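When reading the values below, keep in mind they use all heavy atoms of this one structure, side chains included, and skip hydrogens, waters and symmetry mates. Keep in mind that what you see is a predicted model, and the values were worked out from it rather than measured.
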Amino acid sequence: MQYDFLVVGGGINGAGIARDAAGRGLKTLLVEQGDLAGATSSASTKLIHGGLRYLEYGEFRLVRKALQERAVLLRIAPHIVTPLRFIMPTPTQGRPRWLIRLGLFLYDHLADLGGLAGSAGVSLEGPWGDGLKDRSRGGFIYSDCWVDDARLVVLNALAAREKGADIRVRTRFQSARPVDGGWEATVLDVASGATEVVRARAIVNAAGPWVDSIVSQMPAIAPDRPVRLVRGSHVVVRRRFEGPHAYIFQNEDGRIMFAIPYERDFTLIGTTDIAQQGDPGGPRISVEEIDYLCREANRFLADEITPGDIVHSFSGVRPLYDDGADNASAVTRDYVLRLKAGGLPPVMSIYGGKITTYRKLAEHVLEQMAPVMGFSARGWTDTEPLPGGDIAGIEQQDRALQAAYPFLTPDMSDRLARSYGSRAPQVLGEARSLADLGMHFGAGLTQREVDYLVSHEWARTSEDVAWRRTKLGLHLTSEESRSLDAYMAQVAG
């Protein structure tokens with residue numbers, strides 16, 4: 001099979017590039033060795049943000065770019081990207097109050113707020129301080145956005161497929177060699193063990209933590225500067241404060257930490273920055289990271305947490321470009337694109353990046369490839385909504401869903417509206433009662449939705465469904481999880 005682009009990696013960058021390329025009429029194949037968003041892209045802090053702390057490192061260009069993208073994503077994916085207010089208690093030591101105020105002023109003015117509320121000083125004696133140990137010092141409030149990170153990946157892959165891209169999960173890139181002005185690549189179907197040879201005019205290496213491994217499987221390409229792998233870990237505990245806001249805390253070591261309302265009943269706390277050694281696959285939180293997150297959170301939260309309170313944890317490995325910084329927290333989060341084309345068919349390798357700036361990264365990849373491959377460099381992805389994003393607002397969509405399907409519980413209609421937007425009726429079909437949705441696995445997850453995820457969104461295992469396409473794994477009992485396991489084994493092999 002002949003393609004224009006072979007994209008290796010089904011994380012946010014790979015899916016975003018596939019969407020952009022396919023929308024320009026380029027025949028595109030994306031291969032992912034596991035599930036979409038199966039690694040780093042489902043292990044983020046779930047934020048679309050400028051990165052307030054990056055101002056301290058002089059990363060003004062990165063922050064401005066991220067803030068501009070925040071407005072774009074809020075516009076094209078309003079069902080999965082939602083505004084969130086952050087409360088920053090004034091610290092007793094470290095950054096002075098005037099410096100925080102200056103940073104927030106810059107944060108408000110480096111880019112258009114896009115309809116979000118600006119920053120201000122606040123008292124913590126009222127609702128904004130709910131759940132805090134010390135409410136006497138006051139603090140600040142500012143805006144950013146929350147995102148369902150794994151669904152953002154899936155929606156980009158859906159958009160790419162609808163533009164003509166071939167999306168293959170559980171398909172591993174094995175090798176590639178230059179042949180007749182293009183690349184001849186071998187890919188492996190992980191389930192069957194069958195290999196296939198495909199041809200592409202160019203390869204985009206968006207393999208994240210495995211970016212160096214992909215380069216090593218292309219002997220014609222000289223290796224670049226090694227990727228720097230940094231692990232970020234999070235813990236989830238039962239909800240520690242009321243209200244729709246999140247907290248940003250300043251730790252004793254100068255880092256910052258978030259406490260975010262998560263999946264209705266929980267609080268998400270993170271993150272860490274630890275050098276990842278060895279294989280980046282299956283990273284796990286360490287005892288030291290758990291102790292660190294608990295200790296720092298307990299400096300602020302009235303309802304303290306212990307390791308025994310943790311109901312879930314996850315870790316992701318960030319593939320950062322090694323800029324020589326000694327401190328892992330200071331390594332740039334901006335992306336670096338490495339194009340190799342002299343005397344060989346083009347290969348683009350991607351280092352670093354933030355989930356917030358994935359769309360701009362994809363646009364830059366296509367801009368750099370355009371003169372080499374001879375296609376239009378005009379971008380288009382900033383205006384067309386992602387699948388399900390063509391809605392007037394999430395509340396209106398929820399009300400419309402309740403009117404069309406009055407048998408849904410409020411929690412079910414709210415979650416379906418926020419997950420699928422205008423496409424929620426495609427999930428529910430002609431159902432006229434809860435019984436029409438088939439087996440109920442728990443937490444509002446039904447057979448009809450699972451079947452949709454298998455047939456439309458590449459779900460193959462219960463983990464794909466419970467932890468990436470949805471986050472309902474937090475709510476399912478052990479028995480309900482086993483029931484979902486058995487069903488997925490039956491319908492998805």
Side-chain angles (χ1 to χ4, degrees), residues 46 48 73-85 115-117 127 145-152 154-155 158-159 162 239 242-246 260-268 384-457 459 464-477 480 483-484 487:
K46 324 299 181 194
I48 297 296
L73 295 177
L74 190 56
R75 186 172 65 248
I76 67 173
H79 50 323
I80 62 165
V81 178
T82 55
L84 183 61
R85 294 290 265 168
L116 298 176
C145 293
W146 182 90
V147 67
D148 187 329
D149 51 5
R151 288 212 59 77
L152 184 63
V154 171
L155 295 187
L158 277 172
E162 291 170 6
R239 188 149 189 168
E242 297 301 320
H245 58 280
I260 302 170
Y262 190 56
E263 291 301 304
R264 194 174 65 246
D265 299 329
F266 303 93
T267 298
L268 173 66
E384 184 170 311
L386 285 168
D390 51 339
I391 59 174
I394 196 66
E395 290 80 13
Q396 297 93 319
Q397 185 62 27
D398 188 12
R399 287 196 296 270
L401 205 58
Q402 290 178 17
Y405 301 92
F407 57 85
L408 294 176
T409 67
D411 284 346
M412 288 178 70
S413 64
D414 179 71
R415 183 183 66 81
L416 291 168
R418 293 181 183 279
S419 296
Y420 304 101
S422 64
R423 298 196 175 189
Q426 294 184 22
V427 179
L428 297 169
E430 300 299 319
R432 291 293 175 262
S433 68
L434 281 175
D436 290 342
L437 298 179
M439 189 186 313
H440 184 209
F441 296 99
L445 181 66
T446 66
Q447 182 179 347
R448 179 73 63 92
E449 183 177 3
V450 172
D451 289 347
Y452 175 87
L453 295 174
V454 171
S455 61
H456 289 76
E457 294 193 3
D464 298 347
V465 171
W467 294 103
R468 285 185 285 275
R469 305 304 184 279
T470 75
K471 300 294 188 293
L472 295 177
L474 281 168
H475 302 276
L476 296 176
T477 66
E480 290 167 342
S483 177
L484 179 60
Y487 185 74

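Atom OG1 of Thr409 is separated from atom CG of Leu416 by 8.5 Å, given to the nearest 0.5 angstrom. Of the inter-residue distances, the one linking Trp146 atom CH2 with Ile260 atom CD1 reads 9.5 Å to the nearest 0.5 angstrom. Distance CG/Asp436 to CG/Leu428: 10.5 Å, rounded to 0.5 Å. Atom CG of Asp414 is separated from atom CG of Leu408 by 11.0 Å, given to the nearest 0.5 angstrom. From Leu116, atom CG reaches atom CZ of Arg85 across 8.5 Å, with rounding to the nearest 0.5 Å. Taken from CG in Asp464 to CG in Leu453, the straight-line distance is 9.5 Å, to the nearest 0.5 Å.
Looking only at side-chain heavy atoms (C-beta outward), Met439 and Ser483 come within less than 4.5 Å of each other. You'll find the side chain of Pro78 reaches within 4.5 Å of the side chain of Ile391, heavy atoms only. Inter-residue side-chain proximity for Leu437 and Met412 is flagged as met; some heavy-atom pair is nearer than 4.5 Å. Using a 4.5 Å cut-off on side-chain heavy atoms (C-beta onward), Leu74 and Ile48 make no contact. Within the 4.5 Å cutoff, the side chain of Leu445 has no heavy atoms near those of the Glu480 side chain.
With Arg418 contributing its side chain and Ile394 its backbone, the two residues share no donor-acceptor pair below 3.5 Å.
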Test log, rule side chain to side chain contact (heavy atoms under 4.5 Å, CB included), inputs Leu484 and Val450: CA-CA 9 Å; Leu484 179 60; Val450 172; 4.1 Å; yes
Go through it in stages, so that I can follow the logic: the residues are Leu152 and Leu386, the test is side chain to side chain contact (heavy atoms under 4.5 Å, CB included), and I'd like the CA-CA distance, side-chain angles, deciding distance and then a yes or no. CA-CA 9 Å; Leu152 184 63; Leu386 285 168; 3.7 Å; yes
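Here the closest heavy-atom approach between residue Tyr262 and residue Leu474 is recorded as CE2-CD1, 3.5 Å. Nearest heavy-atom pair across His79 and Leu155 is NE2-CD1, 3.4 Å. Nearest approach of Val81 to Cys145, heavy atoms of both residues: CG1-CB, 3.9 Å. Here the closest non-hydrogen pair linking Arg448 and Val427 is CG-O, 2.9 Å. Here the closest non-hydrogen pair linking Gly243 and Pro261 is O-CG, 4.1 Å. Ala443 and Arg415 get closest at one heavy-atom pair: O-NE, 4.4 Å.
In this pair, His456 and Tyr452 present their aromatic rings parallel. The plane angle is below 30°, not in the 30 to 60° band. Phe441 and Tyr487 have tilted rings, their planes meeting at an angle from 30° to 60° on a 0 to 90° scale.
In summary, Lys46 and Asp149 engage in a salt bridge, as defined by a charged side-chain N under 4.0 Å from a carboxylate O. A salt bridge links Glu457 with Arg151: the closest approach of a Lys/Arg side-chain nitrogen to an acidic carboxylate oxygen falls below 4.0 angstrom.
Residue pairs meeting the side-chain hydrogen bond (donor to acceptor under 3.5 Å, both in side chains) criterion with at least one member in residues 420-431, sequence neighbours excluded: Glu162-Arg423, Asp390-Ser422, Tyr420-Glu449.
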